[in-house]
Trainee: 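Quick one: the structure is below, and I'll ask about it shortly.
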Amino acid sequence: MADSTKNATLIFDNKTVELPILAPSVGPEVIDIRKLYAQGDVFTYDPGFTSTASCESEITFIDGDKGELLHRGYPIDQLAEKSHFLEVCFLLLYGELPSSEQLEDFEDRVTHHTMLHEQMMNFFRGFRRDAHPMAVMTGVVGAMSAFYHDSTDVSDPWQREVASIRLIAKMPTIAAMAYKYSVGQPVVYPRNDLDYSSNFLRMCFAVPAEDYVVDPILSRAMDRIFTLHADHEQNASTSTVRLAGSSGANPFACIAAGIACLWGPAHGGANQACLEMLREIGTVDRIPEYIARAKDKNDPFRLMGFGHRVYKNFDPRATVMKKSADEVLDLMGIENNDTLKVAKELERIALEDPYFAEKKLYPNVDFYSGIILDAMGFPTSMFTPIFAVSRTVGWIAQWKEMIADPVQKIGRPRQLYTGPTKRDYVNVENR
Ligand code: SDX
């Protein structure tokens, strides 16, 4: 628990309330308001939690002004360049980079949990072929709580560990199965001789009619995308998982709730919406029209992939993603990618525009990711499921931290009520 060496004094209506100020290891200090209602008979009001810390965490820190993202203290650009996704999973879950023996054991445990209970295939068949894969994933992951009863007791640390490994291991299989179902192809089972990202690519793109050899360029790019999306402090979907977990719901139900929240276009759904926007713009000469719409208060249109609640500088993940987009398209021999051309020109024009500069709106993680995924052969409907595959480790790490937190209790926000005060029922004949 963070220490407090000083107080904030709140004085109003002849009341004085002393509130401890808690010191972080890095970032803003926080005013501990837990006793405010008892001592001051008032609530705080912060829709959207723009100024509110919902928990204490040791996992990820974002410096929005510097455009810095740390996972257990390690900068994301160093992890993206030098590490790989399963090693980052270990770091997020257990707090330290693994030894070679620890990493080998962790990768072996994940590899041997990638298969799905065969009877779960029936759930996929219950969906229409044109169901969005995020709808399928929300349903199938929630249904895991009906199949893996030996890892649903959240009070048992061993069951929490087994559920964590099962979810990290099976999410790529579920996402790939949702994709195969949507294109009418037979599912491809995972193989234990392939690494995590290669396994996912093969499950998505292999067909019984011919062998599929994973291109190491694509596998490395896929792994980097997984690494870049793994965790991000208390974003909307992680907060959803924490709130669901605070009631004691089982881990599969909590992750299904996180998947549902991530789907929104303001959050993880932005990568799909961004590529669709770039395609709608089509050519660089139409960019000014869309910049004008984004600035028009009367137009609900926003530049998808732009802006962020925390980053008021470049999203460091977007910087890595932009570099990776250039590399992947170049290595794949894709030269004139019009979408990438529009994206780069849109970024250049927007960043020179006072509207975006004043509001500190920069490209976020979703701005370039879709261009890479599109070049790799994924339909836009698979972009957010891929985000969900990666973010599962972040959700799980934060869920485990929440359960182990000694001050944790069920999340139950209060409200500012402005509805009708007490009044008596009126019979219909008198209305
Ligand atoms: C993710 O929280 C996380 O960490 C999320 C995430 C993660 O890893 O978990 O990083 C992943 O969700 C990234 C964000 C993806 N979403 C988008 O790209 C959708 C487009 N962006 C926005 O809708 C918006 O920027 C948000 C939702 C990301 C952030 O919204 P905020 O913090 O609530 O900011 P806001 O809506 O109050 O905007 C502030 C101002 C407003 O203008 P004013 O009312 O003050 O005049 O900036 C404007 C907004 O109109 N604005 C935009 C804009 N984003 C904000 N104007 C045009 N285009 C945009 N994209």
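Predicted model, so just to flag it, every value in this text is computed and none were measured. Order of appearance sets the numbers: ligands from 1, and atoms from 1 within every ligand. Every heavy atom of this structure was used, including side-chain atoms; hydrogens, water molecules and symmetry mates were not.
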Trainee: Determine whether the aromatic ring centres of His308 and His232 lie less than 6.0 Å apart.
Mentor: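 Yes, close enough.
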Trainee: How many angstroms lie between CG in Asp130 and OG in Ser182, if you round to the nearest 0.5 Å?
Mentor: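 Result: 9.5 Å between the selected atoms.
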Trainee: Show me, by chain and number, every protein residue that has a heavy-atom distance under 4.0 Å to ligand 1.
Mentor: His232, Asn235, Pro265, Ala266, His267, Ala270, Ala294, Lys297, Arg302, Leu303, Met304, Gly305, Phe306, Gly307, His308, Arg309, Arg317, Tyr355, Lys359, Leu361, Asn364, Asp366, Phe387, Arg391
Trainee: Which class fits the ring pair Tyr94 and Phe106: parallel under 30°, tilted 30 to 60°, perpendicular over 60°?
Mentor: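 Tyr94 vs Phe106 ring planes: perpendicular.
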Trainee: Let me know which of Tyr311, Phe314, Phe306 forms a ring-ring contact (aromatic ring centres under 6.0 Å, His included) with Tyr362.
Mentor: Phe314
Trainee: Go through Thr380 and Asp374 one step at a time and tell me if the side chain to side chain donor-acceptor pair (under 3.5 Å) criterion holds.
Mentor: CA-CA 7 Å; Thr380 55; Asp374 174 56; over 6 Å; no
Trainee: In terms of relative ring orientation, are His132 and Trp263 parallel, tilted or perpendicular, with 30° and 60° separating the classes?
Mentor: tilted
